[in-house]
S.K.: 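This structure is in structure tokens; I'll ask about it shortly.
What you see below is based on every heavy atom in this structure, not just the backbone, and it leaves out hydrogens, waters and symmetry mates. So you know, we letter chains A, B, ... as the sequences are listed, proteins then strands, and number each from 1.
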2 protein chains.
Amino acid sequence: MMMAKRSNDLAEALRRVPLFSKVEPDDVVAMAEHVRELHVERGEILFQKGDQPHGFYILLEGRITLAFPSEQGTERILEVIKPGESFGEALMFLGQPYPIFSQAGVDSRVLDIPEEAITNLLDKDCRLAKRMLAGISIRLHELISNLEACSMRSSAQRVACMLQHAAPSAGTQEYDVQLPAAKHIVASQLNLTPETFSRVLHVLTESGLIEVSGRVIKVLNAEGLRKLQL
Amino acid sequence: MMMAKRSNDLAEALRRVPLFSKVEPDDVVAMAEHVRELHVERGEILFQKGDQPHGFYILLEGRITLAFPSEQGTERILEVIKPGESFGEALMFLGQPYPIFSQAGVDSRVLDIPEEAITNLLDKDCRLAKRMLAGISIRLHELISNLEACSMRSSAQRVACMLQHAAPSAGTQEYDVQLPAAKHIVASQLNLTPETFSRVLHVLTESGLIEVSGRVIKVLNAEGLRKLQL
DNA sequence: CGCTAACTTGACAAATGTCAAAACATGTGG
DNA sequence: CCACATGTTTTGACATTTGTCAAGTTAGCG
């Protein structure tokens, strides 16, 4: 009884994930049998760099960061996963050890989808395959942007770029940006030290492009930010 | 007559591409109807950054580089495609403008697979979908490695890393590496200026880890290279 | 040969990181 | 409401890394 109930809850949760929204309800229920819900506490590591993938994950609640480790703990955060998003699919398909580690930023609930569960479904439902293809393609595109930012742009350009992406709509000249996390987290995602990030913010403020108060950044002149990029 | 012949040739070429090796012969023939073979001359641009994707490409012969452009022509080469490899799948699925451009390094022959040709097939053959998933996953993995190299490693570490990947088998202490292209191309892939690349090779030579003669690098002490990474 | 392109070297400049200290914020218990 | 402890952010002085520019050098090739 308890088992059936829990399995139903999982099926319900799975159905709400965009990836599975078009999958036959019966198939979702069948898959739910193999899916576990994990609770990951703040600071806990979900998988380490070097671990062997056995499936992929969907974040239900909380926040999970994917990052490169480094000897002195000066990790570089690649991405912050938010509820509803999946992660680890590509590494599952490859079957190679994780090149990154994942850690909960706050207490989180995660679905663990084992490889068999999904590969079985893939054989039946080509639409799911297309959706996964689309999902992974988005990731790939983000990585390309990240790499471009990293190799073609200065620190100020990367910050300006981030502020532009946060614009409510293209063309707005003035708007507020609420940073999604502590400044050192944002800095790490931009591949900057917290010190450099702080200094860049200072310079942009001096030139009248933005105003900073805590985690809220008021963009005063979007056009000016755009010009920085060239 | 001519058309039929050409279409057969294309089907033949497609069958030899790993991606389509397990697809039903009839389906390959059907797809071949929509596929064109392009000839791209040395230096010619296949697609520009900002162009809209209409499909993806498979390189039959020659060499194609994918790179980020920059105002002063100081491009950053992301990847060099070799015969048999496909490229542009992920961007096709996304339908967003190309974030990179592609250029022929030498005269090349390319297959142009329009989006419809492949999406039709994907509905029929889930194995193909899985193969594409695997293919894109490899790309994604490579991008992650690239990004890690870019953000976590010094210039010398990136060069050492590249030399290790070129090792004939893990654990070999001494081996020769033939650079796949001119040094400034390799440097760009490592996100280095030619000058810095040259200096790094000099330093590694000084410390007795390698010997350089033209495009051939003799690794003398693989263990020593590994230690650089830490 | 002699020309062009590729590569190297040196002197220098710019960008970014490091370390340490100070300033600021935030929450807690008295 | 204060005082303290804790964690985050800013600032300054400095070191390091890497890029830039200009001038050589070398190497391939007609």
Side-chain angles (χ1 to χ4, degrees), chain A residues 42-43 65 68 70-77 105-106 149-162 177-207 210-217 228-230, chain B residues 42-43 65 68 70-77 105-106 149-162 177-207 210-217 228-230:
Chain A
R42 174 187 156 84
T65 63
F68 297 119
S70 97
E71 321 72 60
Q72 306 91 339
T74 56
E75 61 190 36
R76 148 74 147 113
I77 294 169
V106 299
C150 212
S151 47
M152 308 295 288
R153 295 209 236 269
S154 69
S155 52
Q157 289 175 328
R158 297 207 290 279
V159 173
C161 182
M162 180 269 285
V177 177
Q178 165 85 251
L179 293 183
K183 289 214 177 91
H184 72 270
I185 304 279
V186 177
S188 176
Q189 287 185 74
L190 294 168
N191 197 27
L192 296 173
T193 58
E195 291 94 331
T196 302
F197 185 49
S198 172
R199 285 187 245 266
V200 167
L201 254 23
H202 187 83
V203 170
L204 293 181
T205 304
E206 293 285 276
S207 28
I210 62 173
E211 268 171 19
V212 182
S213 58
R215 280 190 194 168
V216 178
I217 297 176
L228 273 188
Q229 320 273 9
L230 210 166
Chain B
R42 173 188 155 84
T65 63
F68 297 119
S70 98
E71 319 73 59
Q72 306 91 338
T74 56
E75 60 189 37
R76 146 76 145 113
I77 294 169
V106 298
C150 214
S151 46
M152 309 296 289
R153 297 210 235 269
S154 71
S155 52
Q157 288 175 327
R158 297 209 289 281
V159 173
C161 181
M162 180 269 287
V177 177
Q178 163 86 249
L179 293 183
K183 289 212 177 96
H184 71 271
I185 304 279
V186 177
S188 177
Q189 287 183 75
L190 295 169
N191 197 26
L192 295 172
T193 57
E195 291 94 330
T196 303
F197 185 49
S198 173
R199 284 187 247 265
V200 167
L201 289 180
H202 186 83
V203 170
L204 293 181
T205 304
E206 293 286 275
S207 26
I210 62 173
E211 268 172 18
V212 182
S213 58
R215 281 190 195 167
V216 179
I217 297 176
L228 274 187
Q229 322 272 8
L230 211 162

S.K.: How many whole angstroms separate atom NZ of A:Lys183 from atom P of D:dT8?
M.R.: 13 Å
S.K.: Indicate every side-chain donor-acceptor pair of residues 154-161 of chain B with a distance under 3.5 Å to a residue at least two apart or in another chain.
M.R.:
residue, atom, partner, partner atom, Å
B:Ser154, OG, B:Gln157, N, 3.3
B:Gln157, OE1, B:Ser154, N, 2.9
B:Gln157, NE2, B:Leu228, O, 3.1
B:Gln157, NE2, B:Gln229, O, 3.3
B:Arg158, NE, B:Leu190, O, 2.7
B:Arg158, NH1, B:Arg153, O, 2.9
B:Arg158, NH2, B:Leu190, O, 3.4
B:Arg158, NH2, B:Asn191, O, 3.0

S.K.: Can you name the residues that form a side chain to side chain contact (heavy atoms under 4.5 Å, CB included) with A:Ala181, not counting sequence neighbours?
M.R.: A:Ile185
S.K.: What integer distance in Å separates A:Leu201:CG from D:dT10:P?
M.R.: 7 Å
S.K.: Indicate the atoms forming the closest heavy-atom contact of A:Lys183 with A:Gly214, along with that distance.
M.R.: NZ-O, 3.0 Å
S.K.: Round to the nearest Å and state the distance from B:His184 atom NE2 to D:dG19 atom C1'.
M.R.: 17 Å
S.K.: Output all residues satisfying side-chain hydrogen bond (donor to acceptor under 3.5 Å, both in side chains) with B:Ser198, sequence neighbours left out; order by chain, then residue number.
M.R.: none
S.K.: Could you run through nucleotides 23-30 of chain D and give me one letter per nucleotide, 5' to 3': B if any protein heavy atom sits under 4.0 Å from the base, S if only the sugar-phosphate is that close, - if neither?
M.R.: --------
S.K.: Through what angle, rounded to 10 degrees, does the axis of the helix from C:dC1-D:dG30 to C:dG30-D:dC1 turn between its ends, using five pairs per end?
M.R.: 30°
S.K.: Using a 4.0 Å cut-off on protein heavy atoms (strictly under), produce a 5'-to-3' string for nucleotides 14-25 of chain C with B for base contact, S for backbone-only sugar-phosphate contact, and - for none.
M.R.: --SSBB------
S.K.: Which distance, rounded to the nearest 0.5 Å, do you find between the CG of B:Leu192 and the CE of B:Met162?
M.R.: 9.0 Å
S.K.: Provide the closest heavy-atom pair for B:Cys150 versus B:Arg76 in the form atom of the first, atom of the second, distance.
M.R.: SG-NH2, 4.1 Å
S.K.: Check the phosphate of C:dT8 against B:His202, side-chain N and O only, distance under 4.0 Å to OP1 or OP2. Yes or no?
M.R.: no
S.K.: Would the distance check show the side chain of B:Ser188 and the main-chain N or O of B:Ile77 forming a donor-acceptor pair, the cut-off being under 3.5 Å?
M.R.: yes
S.K.: Without placing hydrogens or testing angles, list every side-chain donor-acceptor pair under 3.5 Å for residues 199-207 of chain B, not counting sequence neighbours.
M.R.:
residue, atom, partner, partner atom, Å
B:Thr205, OG1, B:Leu201, O, 2.7
B:Ser207, OG, B:Val203, O, 2.7
B:Ser207, OG, B:Leu204, O, 3.4

S.K.: Applying side chain to side chain contact (heavy atoms under 4.5 Å, CB included), can you list everything that pairs with B:Arg215, at least two apart in sequence or on another chain?
M.R.: B:Gln178, B:Leu179, B:Ala182
S.K.: If I take atom CZ in residue B:Arg76 and atom P in nucleotide D:dT18, what distance separates them, rounded to the nearest angstrom?
M.R.: 14 Å
S.K.: Please report the distance, rounded to the nearest Å, between CZ in B:Phe197 and C1' in C:dC7.
M.R.: 11 Å
